[in-house]
Amino acid sequence: MSTLESKARAASITDMTEYVLPQHANVFGTVFGGQIMAWVDLCAAICAQRHAGRPCVTAFVDDLLFKRPVRVGQVVRLRAQVRATFRTSMEIEVSVSGEDTTTGETWPTVECFATFVAMSDDLQPAPIPPLLLESTDDEAAQAAAEERRRSRLAKR
Ligand SMILES: CC(C)(COP(=O)(O)OP(=O)(O)OC[C@H]1O[C@@H](n2cnc3c(N)ncnc32)[C@H](O)[C@@H]1OP(=O)(O)O)[C@@H](O)C(=O)NCCC(=O)NCCS
């Protein structure tokens, strides 16, 4: 049982907005999958560190399904939020969407879960504040994350 005070999910929600430039794109003029993955990792890392109050490392990233591309001149929007906490690790959900600023259209691009571990000053996993479960949705997300965690740990 953690002695740290619980923190609300809203306290660490992290939003990022990226303008897709030619250096982010492949020969088809759409953003590289690896570039999206880098932005996902950064957005999730900021969210994890806001929640933990200390530096965190990426331990695991679940499958990524790219649903629809984003082109040069369009915008990538990312939102990361803590969905579950364990002792030293937490599951962060990242939602990525495309946006055409000239039409206002937005579309889902990627949804994924990443697991981050908080690190102490001597580089050991460090306890984190539990997530405050404020709704039945929060409780369901924590329970679903516990299932996913079991399968991630089985892959070690
Ligand atoms: C992540 C890391 C710190 C875990 O270290 P470890 O020696 O396995 O430590 P532990 O066994 O005590 O596990 C620590 C926590 O990580 C979690 N964890 C470890 N491997 C995991 C995995 N593959 N998936 C999900 N969680 C994992 C454990 O469940 C534990 O969480 P808990 O305390 O909430 O139960 C270590 O594997 C590491 O440093 N990996 C490299 C990280 C990295 O370089 N990332 C990319 C750059 S940021």
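Computed from a predicted structure; not experimentally measured. Just so you know, ligand 1 is whichever comes first in the structure, and atom 1 is the first atom listed for that ligand.
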Report yes or no: does S151 contribute a side-chain atom to a donor-acceptor pair with the main-chain N or O of R149 at less than 3.5 Å? no

Rounded to the nearest 0.5 Å, how far does NE2 of H24 lie from CZ of F32? 10.5 Å

Are S95 and E111 linked by a side-chain donor-acceptor pair shorter than 3.5 Å? yes

Distance under 4.0 Å, heavy atoms only, partner ligand 1: which residues pass? V57, T58, A59, F60, F86, R87, T88, S89, T115, V117, M119, P125, R149, R152, L153, R156

Minimum heavy-atom separation for P130 to L4, with atom names? CD-O, 3.4 Å

Can you tell me if F66 has over 12 outside heavy atoms packed within less than 6.0 Å of its CZ? yes

W107 versus D100, closest heavy-atom pair with distance: CZ3-N, 3.6 Å

